[in-house]
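Heavy atoms only: backbone and side chains are in, while hydrogens, waters and symmetry mates are out.
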Amino acid sequence: MREGLGARWRLARQANRRHVEVFGRRPRLLFPKTHSEWIHRTKVFQRDPRLPVLADKIEAKSYIADRVGPEHVVPTLYAGDALPPRRQRTWPRPFFVKASHGSGWLVRVPADNPVKWARVERKVDTWLSSTYGENGGEWHYARMPRRILVEPHLGDPERWPEDYKLWVFHGRVHFVHWLTGNGTPGYAGRYLDRDWSPVPFRSLKFATHPFVPPRPESWDRMVWIAEEIGREFRFVRVDLYEVDGHPYVGELTFTPTAGYHRLDPPETDLMLGQLWRKPAGVRS
């Protein structure tokens, strides 16, 4: 799908308007300095054909398997253009029903109690009739086929798996955003550096957890996985889970929160933006 100048101009105006609402100033799209500005530049000007493939939860699995091994790919229970008939939905519970063409579009089907399929089907219908990222100008999601993915619940069936979102710049992990308690009122997290030490900034979107979590058993392996996947990109966020000391890649994100994620203190945005610039000797 080709875009004209008019479509790019609309994306630029949209980024300008939202950026002013969130950050109080217009973004520098031609000469970005902050992390948010680099993401807006990616949305407006970059058309890397790999992005619609690697941000697709189904398509990314083969890339992840080739790069770091199939043992780090979340198993697939089902993938298709729509849910199969109810009589065929015999997947072991608990499991997740997800939209492969979006982020955060998922339903957890628990291990007990009757499945509320009508409710799940309404959500699926909404996903299949929607383009994720349209409001944020994330062009690559519009180029993905709209499909449904079913994956097993990894780990303790009574708890949501913890998220480890590794921020990779030019093939090097600099930070991780740990999040715990998804789907609960206690959903919160912490930012840490690659040495698993707390850093002096926090998210204004997610609550800050009162405790620093223990270092994951597979942390060194997680870092290796994220850097292998991210070494050809200026920036990518690699989201992982750990189950019994074994890491799995959940998804790859190239424009997290469409560039509208505020951090405290505000200078953090500039610090992260400096990491987008290519270090000496790096070929990505």
Can any side-chain N or O of [X] pair as donor or acceptor with the backbone N or O of [Y] at less than 3.5 Å?
| X | Y | value |
| --- | --- | --- |
| Trp219 | Arg194 | yes |
| Trp91 | Phe96 | no |
| Arg146 | Ser130 | yes |

If I compare all heavy atoms of Ala258 with all of His40, which pair ends up nearest, and what's the gap? O-CE1, 3.3 Å
Is it true that Asp264 and Arg262 have a side-chain N and a carboxylate O under 4.0 angstrom from each other? no
Does Arg28 pair with Glu37 as a salt bridge, N-O distance under 4.0 Å? yes
Phe169 six-ring face occupied by Arg234 cation (under 6.0 Å, within 45°): no
For Trp117, does the six-membered ring have the charged nitrogen or CZ of Arg89 within the cation-pi criterion, i.e. under 6.0 angstrom from the centroid and within 45° of the normal? yes
CD of Glu242 to CE of Met222: how many Å apart, nearest 0.5 Å? 4.5 Å
What is the distance from atom NE2 of His140 to atom OH of Tyr132, rounded to the nearest 0.5 Å? 8.5 Å
Is the count of non-hydrogen atoms from other residues, nucleotides or ligands lying under 6.0 Å from [X] atom [atom1] greater than 12?
| X | atom1 | answer |
| --- | --- | --- |
| Arg10 | CZ | no |
| Asp244 | CG | no |
| Arg25 | CZ | yes |

List the steps and the verdict of side-chain hydrogen bond (donor to acceptor under 3.5 Å, both in side chains) for Arg147 and His101. CA-CA 7 Å; Arg147 294 181 292 180; His101 60 291; over 6 Å; no
Where do His261 and Ser203 land on the side-chain hydrogen bond (donor to acceptor under 3.5 Å, both in side chains) test, with the steps shown first? CA-CA 8 Å; His261 187 173; Ser203 169; 2.7 Å; yes
Could you go through the side-chain hydrogen bond (donor to acceptor under 3.5 Å, both in side chains) check for Trp167 and His177 one step at a time? CA-CA 8 Å; Trp167 292 34; His177 192 194; 5.4 Å; no
Is a donor from one side chain sitting under 3.5 angstrom from an acceptor on the other, for Arg26 and His19? no
